[in-house]
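To start, the structure itself, in structure tokens.
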Amino acid sequence: MTQKVAEAQGGVAQLAEKAKLNRESLYKILSERGNPELKSLDALLHTLGFRLAVTANR
């Protein structure tokens, strides 16, 4: 599924460029065993039009 997201954005290389991430790093982020740094995840989500938010558990 994550590969489809990249394809919809013009491919992994183009998505990586838009997100200002290394292509290899993006492959790792999108992999099933990916463990991205918060900064990388934020850049990717921002590029895709999303925002990561933390809220209080009530």
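If you read the sequence from its start, that first residue is 1, and numbering goes on from there. Source: prediction; values computed, not measured.
From N22, atom CG reaches atom CG of L26 across 9.0 Å, with rounding to the nearest 0.5 Å. Taken to the nearest 0.5 Å, the CG atom of L44 stands 11.0 Å off from the NE2 atom of H46. For the atom pair T47 OG1 and E17 CD, the distance stands at 11.0 Å (nearest 0.5 Å). To the nearest 0.5 Å, atoms CD1 (I29) and CD (E24) are separated by 11.5 Å.
Residues G34 and P36 approach most closely at C-CD, 3.7 Å, considering heavy atoms. Contact detail for V12 and A6: the closest heavy-atom pair is CG2-CB, 3.7 Å. Of all heavy-atom pairs spanning A19 and A43, the tightest one is O-CB, 3.7 Å. For A16 against R23, the heavy-atom pair with the smallest separation is CB-CA, 3.8 Å. In this structure, Q9 and K18 approach most closely via the heavy-atom pair O-NZ, 3.4 Å.
The backbone N or O of L21 sits nowhere less than 3.5 Å from a side-chain atom of S25 that would complete a donor-acceptor pair.
Crowding of K28 atom NZ: a count of heavy atoms from other residues, nucleotides or ligands under 6.0 Å not exceeding 12.
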